[in-house]
Amino acid sequence: GDSVTQMEGPVTLSEEAFLTINCTYTATGYPSLFWYVQYPGEGLQLLLKATKADDKGSNKGFEATYRKETTSFHLEKGSVQVSDSAVYFCALSGQGGYQKVTFGTGTKLQVIP
Amino acid sequence: KAGVTQTPRYLIKTRGQQVTLSCSPISGHRSVSWYQQTPGQGLQFLFEYFSETQRNKGNFPGRFSGRQFSNSRSEMNVSTLELGDSALYLCASSLAGDRGVRQYFGPGTRLTVL
């Protein structure tokens, strides 16, 4: 079945540092890929998405590129802020299903001033 | 436009009881999905409803059930509660429910089973 593997956290960075959170997936065909963010005490929010190979999703300075050849969708940001502290989830929506989304385990990011 | 609303936000039950959670999707959205979030298992898909029909189901026991009404509001029921059912239950809605369409999540219902 479909699965998503993302790097274990927590990740602690200083403000303005470069962020990479790795995400790889296993799925048949061409899934859609997502990054969701969950701020403390809040629900999930879609951060960005990509629906086909080589697409780049971007939002709020975050970027991720759909790499079919490496089955990856790594999240990057050039300069993190304290307000980026949250849990980040990589997810996919498989080709066979409708809104059946498979999530990774989440990576907690803590940015210190 | 109002977002996805879930009621109640917090719930405390005891083992063996049953519970019903409610989700009101964004106006116009016809697809509603339910997820369970726990520290140990992460986010797991429960089921998805579209136009009052269950289209997808995750790997949960039959104690977990749901339904959707004609106004797209959805309810989730858990019978014979177990300690392991303690979790944050998230509801998400989307316009058409197709793959790749954005889902909007509610704030969740925090269920504690004692």
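All figures in this text were calculated on a predicted structure; none of them were measured in a lab. Here is the naming used below: chain letters follow the sequence lines, and residue numbers restart at 1 for every chain.
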Are B:Val19 and B:Leu83 joined in one hydrophobic group, where the rule is that I, L, V, M, F, W and Y side chains link up if heavy atoms are under 4.5 Å apart?
yes
If two hydrophobic side chains count as joined below 4.5 Å and joins carry through other members, does A:Leu109 share a cluster with A:Tyr39?
yes
So, taking the atom named CD in B:Gln37 and the one named CG in A:Leu44, what distance separates them when rounded to the nearest 0.5 Å?
6.0 Å
A:Leu48 reachable from A:Phe18 in the ILVMFWY side-chain graph, under 4.5 Å edges
no
Mark yes when over 12 heavy atoms from residues, nucleotides or ligands other than B:Asn59 sit less than 6.0 Å from its CG; otherwise mark no.
no
Is there a side-chain contact between B:Phe45 and A:Phe103, using heavy atoms and a 4.5 Å cut-off?
no
Out of A:Gln45, A:Gln38, A:Glu42, return the one with the most heavy atom pairs under 4.5 angstrom to chain B.
A:Gln38
Return the option, out of A:Leu46, A:Leu92, A:Leu33, A:Thr105, with the maximum number of heavy-atom pairs under 4.5 Å with chain B.
A:Leu46
Side chain, backbone, both or neither of B:Leu90 within contact of chain A (heavy atoms, under 4.5 Å)
side chain
Among the clusters formed by ILVMFWY side chains lying less than 4.5 Å apart, do B:Met76 and B:Tyr104 turn up in the same one?
no
Can you tell which part of B:Leu88 gets under 4.5 Å to a heavy atom of chain A, answering side chain, backbone, both or neither?
side chain
Within the 4.5 Å heavy-atom criterion, are B:Leu43 and A:Phe89 side-chain neighbours or not?
yes
Measure centre to centre between the rings of A:Tyr36 and B:Phe105, then say whether the value is under 6.0 Å.
yes
According to a hydrophobic-cluster definition based on side-chain heavy atoms being under 4.5 Å apart (Ile, Leu, Val, Met, Phe, Trp, Tyr only), do B:Ile26 and B:Trp34 belong together?
no
